[in-house]
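All values reported here derive from a predicted model rather than from experimental measurement. The first residue of the sequence shown is numbered 1, and numbering continues consecutively from there.
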Amino acid sequence: MSRPLAELPEALSVVGRLLLESTALALTTILKTAEDRARQNTSGRILNARSGRLRASIRHRVAVVGGEVRGTLQAGSPSVRYARIHEEGGIINGRPWLTYQIPGVGWRRSMSVRIPARPYLRPALEQAQTDLGEELTRELRPLLSLEARG
C-alpha cells in the first residue's frame, strides 16, 4: 500500500521521533546495566565500601537533545568529592598537612598522598557497551521491516 506524497513529511517526522525514542530506551537499558555493574565494583571488587556514599552517588542519565540521544554514567556529589580521584587516580596535596590513618599501622602525616587509579565506572561502561548493538537491534526491529518484492 502506498501513501500520497503529501503525507511523506509527517510520516518521516513520526519515524524520526520513534527512532529517537527507541534509541533512548536502548541506551537507558545499557546505562542501567552499567550503573549496576559500577555499584558492584564499589562493593569490594575494585573499591572497598566504607560508608556506601560513593556507591549511592552512581547514576546514569539519558536525554534526547536536538535530534541526538546522549547518555552519561557518573558518580560523585558535593558530599562525595573523592569519586573522580578513585576513578582516575592522582595526588592529594595537604594544606599544609594531610593526616590520615592506615589500618593496622596507625596515623600518618604528609604533605601529599598519591592515590592509584581504581576505575569502577569505565570497566562497567565498557562491558555494557558490548551489548549496545544487540539492544539497539531489539528496540529498533519493530520499526524496521524489510521486505523483498519482485
Side-chain angles (χ1 to χ4, degrees), residues 1-95 98 100-104 112-150:
M1 183 172 139
S2 62
R3 294 180 176 217
L5 191 57
E7 293 179 14
L8 186 59
E10 183 182 337
L12 288 174
S13 174
V14 169
V15 168
R17 183 178 47 79
L18 291 173
L19 283 170
L20 285 173
E21 288 174 4
S22 296
T23 303
L25 281 172
L27 189 56
T28 298
T29 300
I30 292 303
L31 286 176
K32 177 63 178 137
T33 300
E35 182 181 311
D36 293 342
R37 287 178 178 150
R39 284 193 172 128
Q40 289 173 358
N41 290 343
T42 62
S43 299
R45 254 178 98 190
I46 294 173
L47 292 172
N48 293 325
R50 287 193 347 203
S51 69
R53 290 187 309 169
L54 176 61
R55 183 175 43 249
S57 77
I58 297 170
R59 62 204 173 280
H60 73 279
R61 186 179 319 175
V62 175
V64 178
V65 179
E68 291 182 2
V69 179
R70 298 179 183 176
T72 58
L73 178 66
Q74 59 190 31
S77 68
S79 65
V80 186
R81 297 184 321 202
Y82 51 87
R84 176 180 254 165
I85 200 149
H86 281 303
E87 179 74 20
E88 299 173 0
I91 297 174
I92 300 174
N93 293 309
R95 294 184 189 136
L98 289 170
Y100 53 94
Q101 186 177 20
I102 299 175
S112 65
V113 175
R114 173 137 180 66
I115 305 292
R118 290 172 286 195
Y120 55 95
L121 290 176
R122 196 173 322 119
L125 188 56
E126 288 170 356
Q127 191 175 12
Q129 280 179 326
T130 61
D131 302 332
L132 183 58
E134 187 177 307
E135 187 63 29
L136 275 171
T137 300
R138 190 180 71 71
E139 285 292 337
L140 297 177
R141 182 168 286 141
L143 298 176
L144 305 172
S145 62
L146 303 174
E147 298 178 12
R149 292 185 183 188

>> Please report the interatomic distance CZ(Arg141) to CG(Leu136), rounded to the nearest 0.5 Å.
In response: 11.5 Å
> Tell me, do Leu31 and Leu125 make a side-chain contact under 4.5 Å, heavy atoms counted?
Replying inline: yes
> Which value, rounded to the nearest 0.5 Å, describes the distance between Ile115 atom CD1 and Ile92 atom CD1?
Replying inline: 4.0 Å
> Under the 3.5 angstrom rule, does the side chain of Tyr120 hit a backbone N or O of Ala83 as a donor-acceptor pair?
Replying inline: yes
>> Tell me the closest heavy-atom pair linking Ala24 and Val62, and the distance in Å.
In response: O-CG1, 3.9 Å
> Hey, does Asp36 have a side-chain heavy atom less than 4.5 Å from the side chain of Lys32?
Replying inline: yes
>> Going by ring-ring contact (aromatic ring centres under 6.0 Å, His included), name the pairs with one or both residues in residues 56-84, residues two or more places apart or in two chains.
In response: Tyr82-His86
> Roughly how far, to the nearest 0.5 Å, is CD of Glu135 from OG1 of Thr23?
Replying inline: 11.0 Å
> Do Ser57 side-chain atoms and Gly76 backbone N/O form a donor-acceptor pair below 3.5 Å?
Replying inline: yes
>> Using 0.5 Å steps for rounding, measure from the CD1 atom of Ile30 to the CG atom of Leu132.
In response: 5.5 Å
> Could Arg138 and Glu134 be called an ion pair, given the rule that one side-chain N must be under 4.0 Å from one carboxylate O?
Replying inline: no
> Under the side-chain contact (heavy atoms from CB on, under 4.5 Å) test, which residues partner Ser22, sequence neighbours left out?
Replying inline: Glu139, Leu140, Leu143
> Between atom CG of Asp131 and atom CD of Gln127, what is the distance when rounded to the nearest 0.5 Å?
Replying inline: 8.0 Å
> Is it true that Arg84 and Glu87 make a salt bridge, defined as a side-chain N closer than 4.0 Å to a carboxylate O?
Replying inline: no
>> Restricting to non-hydrogen atoms, name the atom on Ile91 and the atom on Ile85 that form the minimum distance, rounded to 0.1 Å.
In response: N-CD1, 4.2 Å
>> With salt bridge (charged side-chain N to carboxylate O under 4.0 Å, His left out) as the rule and sequence neighbours excluded, what pairs involving residues 62-75 come up?
In response: Glu68-Arg70
> What heavy-atom pair brings Ala124 and Ala38 nearest, and what distance separates the two atoms?
Replying inline: CB-N, 3.5 Å
>> Treating Arg55 as the side-chain partner and Arg39 as the backbone partner, does any N or O pair qualify as donor plus acceptor under 3.5 Å?
In response: no
>> If we ignore hydrogens and angles and just use 3.5 Å, is the side chain of Thr72 paired with the main-chain N or O of Gln74 as donor and acceptor?
In response: no
>> Quick check for you: to the nearest 0.5 Å, what is the distance between Glu35 atom CD and Arg61 atom CZ?
In response: 11.5 Å
